[in-house]
Amino acid sequence: MSTRRPAWGRPRLLWERLISSLWFVPGVMLFLAGALAVAIVEVSTLVDREALIRYPRLFGAGAQSSRDMLSTIASAMMTVAGVTFSITVLAVAQASSQYTPRILRNFMRDRANQVTLGTLSGVFVYCLVVIRTVRGDEELRFIPSLAVLMAFVLAIAAIGVLIYFIHHIAESLGATHVLARVREDTVAAIDRLFPEGVGEEDAAAPALPAGPWTPVPAGRTGYVSHVDAGALLARAAAARVVLRMERGVGDHVVEGTPLVSWAGGDDGSAARLDGAGIRGCFTIAAVRTIDQDAEFGVRQMVDIAVKALSPGINDTSTAIAAVDAIGAALLRLATRRVEDPFRSEGGVLRLVARGPTFESLLAVGLDEIRRAAPGKVSIYARLLGALVPLARATGPGTRRALVVAHADRLLASARRSVDDAADLAEVVAAHARVLEAAGESARGSADGADQAAASRVG
């Protein structure tokens with residue numbers, strides 16, 4: 001039994017949500033643009049006269065011409081910002097309909113989109129702040145020439161940002177780019193959530209209290225996006241009870257249904273348990289995120305593959321790319337240690353946690369695609385190809401047996417749905433490569449392969 005390392009704190013979780021929103025980075029850039037305008041105007045009061053004498057063609061604009069230029073830049077920036085926002089919304093809608101609605105958050109958190117909106121809006125704010133300082137009256141004459149020149153420079157830079165944005169948004173709609181982004185986020189979540197080091201899931205579970213188990217109901221409806229397992233363990237130890245998580249990260253919970261149950265302890269355990277404090281260890285949000293939910297990343301790639309295989313789309317190339325991305329993410333997990341769900345304090349079991357395992361993520365990544373691809377030889381072969389490095393990476397034990405079992409399921413499904421002997425031979429050869437990577441001898445007869453597949457499936 002092991003004690004999980006400290007989980008993310010709420011401040012960091014809040015920070016992740018802020019930088020993943022479409023408004024936070026542009027909002028910060030708007031504030032910085034306003035501060036830059038005030039600073040440049042103040043500097044202009046110190047250097048404008050000398051700069052005007054040395055460089056009259058750069059700093060010699062009059063009050064009216066400065067206002068006109070600033071007004072033109074401001075209006076142009078707001079027009080372009082509106083167009084940029086419209087393009088972003090259209091791109092999000094197209095990606096949602098073409099791939100899966102679950103990738104909407106990926107476009108919202110895209111840093112290029114955020115910086116583009118912030119740059120265009122920031123130049124607008126800069127021009128507004130500067131234009132109100134321009135004075136044309138003889139007695140109060142003030143033209144911040146350096147600030148006006150800076151507005152021109154910022155406008156040129158904004159044009160460059162716009163050109164890059166158009167290139168980026170066109171590129172980001174490609175299936176390969178979308179899958180690469182989801183795969184990177186999923187791999188980052190795996191690196192964050194699973195410690196390095198080869199390990200297998202514990203085979204035996206310790207004895208649990210006989211009960212009764214008293215539920216702690218959820219305070220709201222939504223998806224569990226974060227669990228502070230360390231705090232739950234501490235509360236269970238303080239009350240001398242065993243807590244069992246009924247919902248884990250990524251699970252949907254309904255208000256009033258059990259979130260956690262507890263058992264054991266003594267007559268005063270119930271008084272020492274704080275239901276509100278236990279609920280505070282869970283963060284429940286309206287949507288799932290990949291931050292602590294690696295399974296959600298795998299699910300997004302599976303959705304893209306399944307949608308590509310649907311009769312209305314029939315895009316085998318996109319499905320193959322999704323299988324490749326899923327294989328890369330699962331390979332990252334293959335050598336990671338999944339922490340024991342049974343957590344103890346002082347040698348006494350106190351917490352039964354819920355979380356993804358290699359088995360559950362492997363099933364999420366493969367099963368639905370296999371069911372959605374009857375007769376698709378290229379998909380069967382690609383799925384088996386993704387299992388080859390997994391079979392090599394996993395050591396002898398439960399994980400390798402799971403990989404071989406999924407290979408057998410794929411072969412059995414191909415035998416049921418593929419009629420052409422030559423096509424079926426391609427799948428059989430791919431299956432043999434998985435067995436070779438797993439250290440098993442290829443099964444010679446078709447009947448033997450079918451029986452082995454049936455026994456593993458069963």
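A quick note: this is a predicted structure, and the numbers were derived from the prediction, not measured.
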[X] side, atom [atom1]; [Y] side, atom [atom2] - distance, nearest 0.5 Å:
X	Y	atom1	atom2	result
Leu154	Leu120	CG	CG	11.5 Å
Leu233	Glu345	CG	CD	5.0 Å
Ile278	Asp228	CD1	CG	12.5 Å
Lys376	Leu383	NZ	CG	13.0 Å
Leu309	Glu368	CG	CD	10.5 Å
Arg288	His252	CZ	NE2	11.0 Å

Only distances under 3.5 Å count here; give the side-chain donor-acceptor pairs of residues 208-219 to other protein atoms, sequence neighbours excluded, each with its distance to 0.1 Å.
none

Do the rings of His167 and Tyr164 sit parallel, tilted or perpendicular, given the 30° and 60° boundaries?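 Correct class here is tilted.
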
Between [X] and [Y], is any pair of side-chain heavy atoms under 4.5 Å apart?
X	Y	value
Trp23	Leu18	yes
Arg181	Asp110	yes
Thr176	Thr318	no
His431	Asp408	yes
Leu232	Met245	yes
Ser310	Ile313	yes
Arg350	Leu243	no
Leu362	Leu390	yes

Judged by atom type as modelled, is there a donor-acceptor pair below 3.5 Å linking the side chain of [X] to the main-chain atoms of [Y]?
X	Y	result
Ser225	Thr283	yes
Arg400	Ala391	yes
Thr119	Ala158	no
Ser360	Pro356	no
Asp367	Val364	no
Ser344	Gly347	no
Ser413	Arg409	no
Ser121	Gly118	no
Arg220	Ile284	yes

Nearest heavy atoms of [X] and [Y], plus distance in Å:
X	Y	result
Arg192	Ile290	NH2-O, 4.0 Å
Met78	Phe124	CG-CD1, 3.0 Å
Leu179	Ala322	CD1-N, 3.4 Å
Ile379	Ala373	CG2-CB, 3.8 Å
Met77	Val123	CG-CG1, 3.5 Å
Ala294	Phe194	CB-CE1, 4.5 Å

Evaluate side-chain contact (heavy atoms from CB on, under 4.5 Å) for Ile320 paired with Thr316, printing each intermediate quantity in order. CA-CA 6 Å; Ile320 288 175; Thr316 305; 4.0 Å; yes

Dump the intermediate steps for side-chain contact (heavy atoms from CB on, under 4.5 Å) on Val352 and Val242, then the final yes or no. CA-CA 8 Å; Val352 181; Val242 177; 4.3 Å; yes

Hey, mind stepping through His226 and Val249 against side-chain contact (heavy atoms from CB on, under 4.5 Å) and telling me if it holds? CA-CA 6 Å; His226 172 267; Val249 172; 5.8 Å; no

Output every pair passing salt bridge (Lys or Arg N to Asp or Glu O under 4.0 Å) with a member in residues 75-93, not counting sequence neighbours, ordered by first then second residue. none

Side chains of Tyr223 and Thr289: any donor to acceptor distance under 3.5 Å?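 No, because no side-chain N or O of Thr289 sits under 3.5 Å from a partner of the opposite role on Tyr223.
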
Cationic N near anionic O, under 4.0 Å, Asp293 to Arg299: no

Sidechain N-carboxylate O distance under 4.0 Å for Arg354, Glu246: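 Not counted as a salt bridge, because no side-chain N and carboxylate O are separated by less than 4.0 Å.
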
How about Phe24: does its CZ atom have over 12 heavy atoms from other parts shown lying under 6.0 Å from it? yes

Does CG in Asp420 sit with more than 12 non-hydrogen atoms of other residues, nucleotides or ligands closer than 6.0 Å?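 Yes - once you tally the heavy atoms of other residues, nucleotides and ligands closer than 6.0 Å, there are more than 12.
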
Kindly indicate, with the supporting measurements, whether the criterion side-chain contact (heavy atoms from CB on, under 4.5 Å) is fulfilled by Thr186 and Glu295. CA-CA 8 Å; Thr186 304; Glu295 181 180 319; over 6 Å; no

Between Asp315 and Lys307, is a salt bridge (Lys or Arg N to Asp or Glu O under 4.0 Å) present by the stated rule, with each step listed? CA-CA 8 Å; Asp315 184 0; Lys307 192 161 190 175; over 6 Å; no

Taking the six-membered ring of Phe358 as reference, does the NZ or CZ atom of Arg399 fall below 6.0 Å from its centre and within a 45° cone about the axis? yes

